[in-house]
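Report on the structure given below.
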Amino acid sequence: MTHSKILGTGGYLPEKVLTNHDLEAMVETSDAWIQERTGIRKRHIVSDTESTCDLAEQAARCALDMAGCRPEEIDLIIIATTTPDQIFPSTASILQQRLRIHNACPVFDIQAVCTGFVYALGIADQFIRNGSVKRALVIGAESFSRIIDWTDRGTCVLFGDGAGAVVLGASDEQGIIATHLHADGRYRTLLHVPGGPGKAPADHDAWDHHVHMKGNEVFKWAVNTLGKIAEETLEANGFAKSDLDWLIPHQANVRIIQATARKLKLPMERVVVTVQDHGNTSAASVPLALDVAVRDGRIQPGQLLLMEAFGGGFTWGSALVRF
Ligand code: ACO
């Protein structure tokens, strides 16, 4: 039976850093409030000349390098993003051309906001298991700062930009053990960008391209759901909580991460946390955290990892992985 396995990881953060102190000069907030309520100290922000595809390309090249894989060996590209460079073609098409992958392989973007990378990993895993793809580039990339209302202190302190990538390859060994993907559109207005190109222009919010969020409600829902999906995933695949080597959660808020770890009875030493330095990078947050912990040597081959995320939609999902 064919499995898919992570062969390499990569990450990229734009150079420009925005600290909590920088934000103090922009909105009525304080470093103490942001750190206490979210755990965030700083985030990286794209410059005026950078785009989501630029970030994706850097992360992809790092992942390809670690995997020892040439771009032309890739036969599927999926980019999870909420902030594509263009309405069309997909950011994956732009990247395919940049990487000079001229083998006519399928490429597309997917949109599940912060759960996007977990969704993309689940989709790529299916392509590899059914034998139609041997090597996939799976990326989460965001320039979330471009859809933030920088006068709204309730959202502008939370988000950052970046990209994370993995090369997934066909293998006889088990790698991606299972992915569990969910959504419930009833909650879509708790966290959303109201405008979009397909909306009737007469809708009063058709041109509103900023993130709106009911933070408190999202918080409660996230804590509840992330604990449940972690337990659901371990149980459904015959693992105990104590089997887990690393939890790699979506990096939205350190209090949400701590609450999930408590539910799993997992010490924080076994949870990868990057939110203090990255903020919430949406679809990039999980693969960026994975890459950090792989490169600093915490995550070792053979270990059991649980990645999990939640986001607008609402969407939520998990991936249980033997690294
Ligand atoms: N600085 C100072 N005060 C602030 C700030 C700020 N940046 N933002 C809000 N406040 C104020 C509020 O106005 C409120 O004041 P009031 O009591 O006078 O009305 C007070 O702080 C408390 O506000 P709450 O919203 O109750 O604060 P809370 O402790 O819930 O923290 C936060 C807010 C950090 C947004 C939290 O609710 C949260 O993290 N929610 C989840 C958000 C999230 O994860 N979103 C991403 C989902 S993933 C995706 O798909 C993008």
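Along the sequence shown, residues carry numbers from 1. In this text, all values refer to a predicted model and were calculated from it rather than measured experimentally.
In this structure, the separation between CG on Leu13 and OG1 on Thr281 is 7.5 Å, given to the nearest 0.5 Å. Taking OG1 from Thr179 and CD1 from Ile123, the interatomic distance works out to 9.0 Å, rounded to the nearest 0.5 Å. For the atom pair Ile128 CD1 and Leu76 CG, the distance stands at 7.5 Å (nearest 0.5 Å). For the atom pair CH2 of Trp246 and CD1 of Ile299, the computed distance is 7.0 Å after rounding to the nearest 0.5 Å. Once rounded to the nearest 0.5 Å, the distance linking CD of Gln58 with SG of Cys53 reads 10.5 Å. To the nearest 0.5 Å, atom OG of residue Ser171 and atom CD1 of residue Ile176 are 10.5 Å apart.
Proximity of a side-chain donor or acceptor of Gln303 to a complementary backbone N or O of Gln300 within less than 3.5 Å is detected. Remark: the backbone N or O of Phe127 is paired with a side-chain donor or acceptor of Ser132 at under 3.5 angstrom. Judged purely by atom type and a 3.5 angstrom limit, Thr19 uses its side chain to pair as donor or acceptor with the backbone of Asp22. Put simply, the side chain of Glu142 never gets that close to the backbone of Phe144: no donor and acceptor are under 3.5 Å apart. Under a 3.5 Å cut-off, the side chain of Arg153 and the backbone N or O of Thr29 do not form any donor-acceptor pair. Under a 3.5 Å cut-off, the side chain of Ser285 and the backbone N or O of Gln251 do form a donor-acceptor pair. Using a distance-only test at 3.5 Å, with no hydrogens or angles considered, a donor-acceptor pair links the side chain of Asp149 to the main chain of Thr151. Panel note: side chain Arg188, backbone Gly185; a donor-acceptor pair is recorded below 3.5 Å. Listed for the Arg295 side chain is a donor-acceptor partner under 3.5 Å among the backbone atoms of Thr9. At distances below 3.5 Å, at least one donor-acceptor pair connects side-chain atoms of Glu24 with backbone N or O atoms of Asp31.
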Working for side-chain contact (heavy atoms from CB on, under 4.5 Å), residues Thr38 and Leu158: CA-CA 8 Å; Thr38 72; Leu158 302 176; 3.6 Å; yes
Going through the checks in order, is the side-chain contact (heavy atoms from CB on, under 4.5 Å) test met by Ile6 and Val167? CA-CA 6 Å; Ile6 294 177; Val167 174; over 6 Å; no
Does the side-chain contact (heavy atoms from CB on, under 4.5 Å) test come out yes or no for Asn253 and Phe219, once each step is laid out? CA-CA 9 Å; Asn253 182 319; Phe219 186 93; 3.8 Å; yes
Please report the C-alpha distance between Thr274 and Asp277 in whole Å, then the side-chain angles of each, then the deciding distance to 0.1 Å, and finally whether the side chain to side chain donor-acceptor pair (under 3.5 Å) criterion is met. CA-CA 6 Å; Thr274 53; Asp277 298 324; over 6 Å; no
Could you walk me through whether Thr52 and Thr91 pass the side chain to side chain donor-acceptor pair (under 3.5 Å) check? CA-CA 8 Å; Thr52 297; Thr91 313; over 6 Å; no
For Leu306 and Ser318, what are the C-alpha separation, side-chain angles and deciding distance, and is it a side-chain contact (heavy atoms from CB on, under 4.5 Å)? CA-CA 7 Å; Leu306 181 66; Ser318 63; 4.1 Å; yes
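Two residues are said to be in side-chain contact when any heavy atoms from C-beta on lie closer than 4.5 Å; Val27 and Cys156 meet this criterion. A heavy-atom distance below 4.5 Å is not found between the side chains of Gln276 and Val254. Counting only heavy atoms from C-beta outward, the side chains of Leu290 and Val166 approach each other to under 4.5 Å. In this structure, Asn224 and Lys263 have side chains that are in contact, with non-hydrogen atoms separated by less than 4.5 Å. Annotation: side chain of Ile78 is in contact with side chain of Phe108 (closest heavy-atom distance under 4.5 Å). Contact annotation: the side chain of Asp291 never approaches that of Tyr12 to less than 4.5 Å [non-hydrogen atoms, C-beta and beyond]. The closest side-chain heavy-atom distance from Asn280 to His250 is below 4.5 Å. With a 4.5 Å cut-off on side-chain heavy atoms, Val193 and His212 do not count as touching.
Nearest heavy atom pair, residue Ser282 against residue Thr82, reads OG-OG1, 3.9 Å. Minimum interatomic distance between Val272 and Pro249 (heavy atoms only, all atoms of both residues): O-CD, 3.5 Å. Minimum heavy-atom separation, Val118 to Ala319: CG1-N, 4.2 Å. Across all their heavy atoms, Glu73 and Arg135 have their closest contact at O-CB, 3.4 Å. Residues Gly154 and Met213 share a closest heavy-atom pair of O-CE, 3.8 Å. Residues Ala136 and Ala124 come closest through the heavy atom pair CB-CB, 4.2 Å.
Aromatic ring pairs are classed by plane angle as parallel below 30°, tilted from 30° to 60° and perpendicular above 60°; the pair Tyr187 and Phe314 is parallel.
Side-chain contact check for Asp125 and Ser4: at least one donor-acceptor pair (N or O, by modelled atom type) lies under 3.5 Å. Remark: the Glu232 side chain and the His180 side chain contain an N/O donor-acceptor pair separated by less than 3.5 Å. Asp208 and His204 share no side-chain donor-acceptor pair at under 3.5 Å. If you check the side chains of Asp109 and Thr81, you find no donor sitting under 3.5 Å from an acceptor. Side-chain atoms of Thr155 and Asp152 form a donor-acceptor pair, as typed in the model, at a separation below 3.5 Å.
Cluster annotation: Val223 is not connected to Met307 through the hydrophobic network of ILVMFWY side chains, with a link wherever side-chain heavy atoms come within less than 4.5 Å. Val292 and Ile40 are not part of a single hydrophobic cluster, where members link through side-chain heavy atoms under 4.5 Å apart.
Heavy-atom contacts from other residues, nucleotides or ligands closer than 6.0 Å to CH2 of Trp150 number more than 12. Around atom CG of Asp296, more than 12 heavy atoms belonging to other residues, nucleotides or ligands sit under 6.0 Å away. Heavy-atom contacts from other residues, nucleotides or ligands closer than 6.0 Å to NZ of Lys241 number more than 12.
Considering Tyr119, Trp221, Phe310 in turn, Trp221 is the only one that fulfils the ring-ring contact (aromatic ring centres under 6.0 Å, His included) rule with Trp316. Evaluated for a side chain to side chain contact (heavy atoms under 4.5 Å, CB included) with Glu308, the options Thr115, Thr233, Thr225, Leu247 yield exactly one hit, Leu247. Applying the side chain to side chain contact (heavy atoms under 4.5 Å, CB included) test between Ile101 and each of Leu95, Ile74, Asp75, Val107 identifies Ile74 as the sole match. Test Gln35, Arg43, Arg41 against Asn20 for side-chain hydrogen bond (donor to acceptor under 3.5 Å, both in side chains) and you get one pass: Arg43.
With sequence neighbours excluded, the residues forming a side-chain contact (heavy atoms from CB on, under 4.5 Å) with Asp54 are Glu50, Ser51, Arg98, listed by chain and number.
Using a 4.0 Å cut-off between charged nitrogen and carboxylate oxygen, Lys199 and Asp205 count as a salt-bridge pair. Between Arg270 and Asp245, none of the side-chain N atoms (NZ, or NE/NH1/NH2) sits under 4.0 Å from a carboxylate O, so this pair counts as no salt bridge. A salt bridge links Lys5 with Glu173: the distance from a Lys NZ or Arg NE/NH1/NH2 to an Asp or Glu carboxylate oxygen falls below 4.0 Å.
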